[in-house]
Amino acid sequence: MLKLHHAPNSRAGRILWLLEELGLPYELNRMDFHPRALKSDEHRARHPLGRVPVLDDGAVTIYESGAIVEYLIARHSDGALKPSPSSPLFPEYL
Ligand SMILES: N[C@@H](CCC(=O)N[C@@H](CS)C(=O)NCC(=O)O)C(=O)O
């Protein structure tokens, strides 16, 4: 099961949007946007700088919203949303 570590009004919203757009089942870890939560040892084990978003996918833990978008599209979108490199839409996608 995919698990998104999320805090309100943050870049984690990008990943929430993508998970919904792809119709993927996921679990949400709702964190406060506060150093108490983000800089905790528990969260720093996921992201060394204690930031969101972070995505868990089984044994994989990945951070950086752009990387997470690419990861989800490559492994979980079944070809959806990403135009082919030869498409005129590809630069806009990037
Ligand atoms: N380049 C990173 C930026 C991550 C980032 O800066 N996240 C902010 C929220 S939008 C954060 O966690 N800030 C808390 C902090 O830096 O202490 C990404 O796109 O994921």
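Each residue takes its place number in the sequence, starting with 1. Atoms within a ligand are numbered from 1 in the order they appear, just like the ligands themselves.
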Which residue owns the protein heavy atom closest to [atom], what's the atom, and how far is it?
{"atom": "atom 20 (O) of ligand 1", "answer": "Ser65 N, 2.8 Å"}
{"atom": "atom 13 (N) of ligand 1", "answer": "Phe33 CZ, 3.7 Å"}
{"atom": "atom 1 (N) of ligand 1", "answer": "Glu64 OE1, 2.7 Å"}
{"atom": "atom 3 (C) of ligand 1", "answer": "Arg11 CD, 3.7 Å"}
{"atom": "atom 16 (O) of ligand 1", "answer": "Arg51 NE, 3.0 Å"}

With a cut-off of 4.0 Å, which atoms of ligand 1 are near a heavy atom of [X]?
{"X": "Val52", "result": "4 (C), 5 (C), 7 (N), 8 (C), 9 (C), 12 (O)"}
{"X": "Leu38", "result": "14 (C)"}
{"X": "Lys39", "result": "15 (C), 16 (O), 17 (O)"}
{"X": "Pro53", "result": "20 (O)"}

How long is the span from the [atom1] atom in [X] to the [atom2] atom in [Y], to the nearest 0.5 Å?
{"X": "Leu16", "Y": "Tyr26", "atom1": "CG", "atom2": "OH", "answer": "4.5 Å"}
{"X": "His47", "Y": "Ile62", "atom1": "NE2", "atom2": "CD1", "answer": "11.0 Å"}
{"X": "Ile68", "Y": "Leu55", "atom1": "CD1", "atom2": "CG", "answer": "5.5 Å"}
{"X": "His43", "Y": "Arg51", "atom1": "NE2", "atom2": "CZ", "answer": "10.5 Å"}
{"X": "Leu28", "Y": "Arg30", "atom1": "CG", "atom2": "CZ", "answer": "5.0 Å"}

- What closest approach, in Å, do Ala7 and Val52 show between heavy atoms, and which atom pair accounts for it? CB-CG2, 3.9 Å

- Message: For a quick test of reading the model, state the closest non-hydrogen atom pair linking Ala37 to Ser40 and the distance between them.
- Response: O-OG, 2.9 Å

- Message: Considering both backbone and side-chain atoms of Leu49, is one of its nitrogen or oxygen atoms within less than 3.5 Å of a nitrogen or oxygen in ligand 1?
- Response: no

- Item | Heteroatom proximity flag, Ser10 to ligand 1, N/O under 3.5 Å | no

- Is it the side chain (CB and beyond), the backbone, both or neither of Tyr63 that lies under 4.0 Å from ligand 1, heavy atoms counted? neither

- Say whether Gly66 and ligand 1 are in contact under the criterion: heavy-atom distance to a ligand atom below 4.0 Å. no

- Arg46-Thr61 side chain donor-acceptor pair, cut-off 3.5 Å: no

- What do the steps show when you test Glu70 against Lys82 for salt bridge (Lys or Arg N to Asp or Glu O under 4.0 Å), and what is the final call? CA-CA 9 Å; Glu70 285 297 311; Lys82 184 174 184 174; 3.2 Å; yes

